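Just so it is clear, the structure is predicted and the values come from calculations on it, not from any experiment. Read the numbers this way: they start at 1 and go in the same order the structure lists the ligands and their atoms.
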Amino acid sequence: MTTLIIGGAGYIGSHVAREFLDQGHRVTVYDNLSSGLRENLFPEETFIHGDIQDYPRLVRAAKEGFDALIHLAAYKAAGESMVQPEKYSLNNINGTIHILNAAVEAQIPCIIFSSSAAVYGEPVYLPVDEQHPTNPENYYGFTKLEIERFLGWYEQLKGIRFAILRYFNAAGYDAQGRITGLEQNPANLIPVIMEAACGIREEVQVFGNDYDTPDGTGVRDYIHVSDLAKGHVAALDYIHRYQRSLTVNLGSETGFSVLEILEAARRISGKPIPARITQRRQGDPGKLTASAGYARETLGWTARFSDLDTLVRTSWNVYRKQYYQG
Ligand code: WQD
């Protein structure tokens, strides 16, 4: 099997590429390295340095006889998307249209798309399953939902099968330490905590401790990137076996609070990690957890690396090596 991974040098993309290589796939990564990193590329894969806005280049790259295409080339900062929607329209929406059209031209029969729990918006009930209403609260989530709709149309009109994977909070690093690229200027909780542990950030701001949760801080469903990566392989197998598309949550079904993660990080790193309670961040729900029952039923997939210690320890190992030379 030969797979084209667009955005395969990024944080999630490199873990997905690693898993496909481990499963014996041939992999080509197409990435503009805007947030992806050369150090996230593997010697066994073919790399094409290209932008999804460069349609001729994308089509040339796509016409190498791929069995599947995985699309992970999107901007993902929800806060930024509310200030610079233009950037998200251009990259996430126009860029995806290029990818879909390139897949049609190159006759790639299936696409796996990285969607997000952000398509649901403020939860109406918990845990959130795939039937939960979609009502994104930020422009980023809107772009993901629009792309989901495009995929439905391209299946109907052009016969392209798809898997829409709605990720919850991706976290952690490859347990074998094969992926070492650190995200620049992260806004997500675990990398922020790691930066504070390494002293490159003064403190962690805890966005509110007055939520209706056991310790008052926000609770999220953290899903290890290696679990996510395995979900992609399982989704592709499903499409091949049943010739059917699917939309599915990938989450751990477990919620951890900000303080629980902070405590685990202090224990595992042995660093004090200063933290301060601040105002709630706009648009943050108190609690968001997934139902992953559908992924279990259809894909036989379940999270295996998403316990608190593995999430934090695999992250800390990468940060520690980079900032404390082991
Ligand atoms: C987690 C918890 C914060 C930073 C985002 C996107 C979402 C999806 C996943 C991709 C919350 C708290 C955070 C900090 C804090 N992305 N926090 N201090 O917002 O749940 O989801 O990533 O699809 O679309 O919005 O993730 O890691 O930012 O926050 O207290 O410095 O940590 O309030 O409770 P979020 P996060």
Side-chain angles (χ1 to χ4, degrees), residues 7 10-13 15-16 35 71-83 88 92 113-123 126 128 134-145 147-148 164-172 183 185-197 200-225 228 231 249-252 254-265 273-290 306 308 311-312 315:
Y11 165 59
I12 300 176
H15 284 85
V16 170
S35 57
H71 172 20
L72 306 107
Y75 294 134
K76 65 174 174 100
E80 180 190 60
S81 76
M82 298 299 275
V83 186
Y88 283 73
N92 292 14
F113 173 61
S114 305
S115 190
S116 167
V119 300
Y120 296 117
E122 176 75 29
L126 290 171
V128 171
T134 48
N135 187 20
E137 279 211 29
N138 51 60
Y139 193 73
Y140 161 73
F142 165 78
T143 65
K144 291 283 177 181
L145 190 56
I147 296 164
E148 291 192 0
I164 289 168
L165 306 181
R166 292 178 174 161
Y167 305 163
F168 280 66
N169 289 55
E183 285 193 281
N185 306 312
N188 292 120
L189 180 66
I190 294 184
V192 163
I193 290 177
M194 292 297 121
E195 288 195 355
I200 37 174
R201 190 183 280 262
E202 245 175 55
E203 61 178 13
V204 177
Q205 293 186 27
V206 176
F207 298 144
N209 66 349
D210 56 353
Y211 286 104
D212 184 16
T213 59
D215 65 22
T217 65
V219 169
R220 293 291 181 277
D221 184 308
Y222 294 91
I223 176 79
H224 194 284
V225 270
L228 281 183
N249 284 345
L250 294 181
S252 66
T254 310
F256 299 120
S257 74
V258 176
L259 293 185
E260 280 178 299
I261 294 188
L262 201 48
E263 276 315 312
I273 316 185
R276 182 167 55 93
I277 310 290
T278 62
Q279 293 292 306
R280 289 182 177 195
R281 186 172 61 180
Q282 205 191 351
D284 265 357
K287 184 170 179 187
L288 187 62
T289 50
S306 299
L308 186 52
L311 288 164
V312 173
S315 300

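With ligand atoms numbered from 1 in the order given, ligand 1 contributes 12 (C), 30 (O), 32 (O), 34 (O) to contacts under 4.0 Å with heavy atoms of V258. Every atom of ligand 1 is numbered from 1 in the order shown, and the set under 4.0 Å from a heavy atom of A118 is 24 (O). Each of the following atoms of ligand 1 lies closer than 4.0 Å to a heavy atom of S116: 10 (C), 23 (O), 24 (O). Applying the 4.0 Å criterion to heavy atoms of V206 picks out, from ligand 1, the atoms 30 (O). Those atoms of ligand 1 with a heavy atom of A78 less than 4.0 angstrom away are 25 (O).
The distance criterion of under 3.5 Å between nitrogen or oxygen atoms is met by N188 with respect to ligand 1.
Of the options I12, I223, D284, I277, the smallest heavy-atom separation from atom 3 (C) of ligand 1 is shown by D284. For the residues N169, V119, V219, the heavy atom positioned nearest atom 35 (P) of ligand 1 is part of N169. Closest to atom 29 (O) of ligand 1 by heavy atom, among R281, R220, K287, is R281. Closest to atom 16 (N) of ligand 1 by heavy atom, among F256, F207, Y211, Y140, is Y140.
F256 does not carry R220 over the face of its six-membered ring by the limits of under 6.0 Å from the centre and within 45° of the normal.
Checked by atom type and distance alone, the side chain of S252 pairs as donor or acceptor with a backbone atom of Y222 at under 3.5 Å. A donor-acceptor pair under 3.5 Å is absent between the side-chain atoms of D215 and the main chain of S257, judged by distance alone. When atom types are taken as modelled, the side chain of K287 and the backbone of P123 share no donor-acceptor pair closer than 3.5 angstrom. Not one N or O on the side chain of T143 forms a donor-acceptor pair closer than 3.5 Å with the backbone of Y88. Between the E80 side chain and the A77 main chain, no donor and acceptor come within less than 3.5 Å of each other. For S306 (side chain) and G251 (main-chain N/O), no donor-acceptor pair under 3.5 Å exists by modelled atom type. The backbone N or O of Y75 sits less than 3.5 Å from a side-chain atom of N92, completing a donor-acceptor pair. With hydrogens and angles ignored, the 3.5 Å screen pairs a side-chain donor or acceptor of S81 with a backbone N or O of Y140.
Only the backbone of A187 comes within 4.0 Å of ligand 1, judged by heavy-atom distances. With a heavy-atom cut-off of 4.0 Å, V192 touches ligand 1 through its side chain alone. Counting heavy atoms closer than 4.0 Å to ligand 1, residue Q205 contributes backbone atoms (N, CA, C, O) but none from C-beta onward.
Heavy atoms of Y222 come nearer than 4.0 angstrom to ligand 1 in at least one pair.
The aromatic rings of F142 and Y139 sit tilted relative to each other, their planes meeting at an angle between 30° and 60°.
Residue, atom and distance of the protein heavy atom nearest to atom 27 (O) of ligand 1 are L189 N, 2.8 Å.
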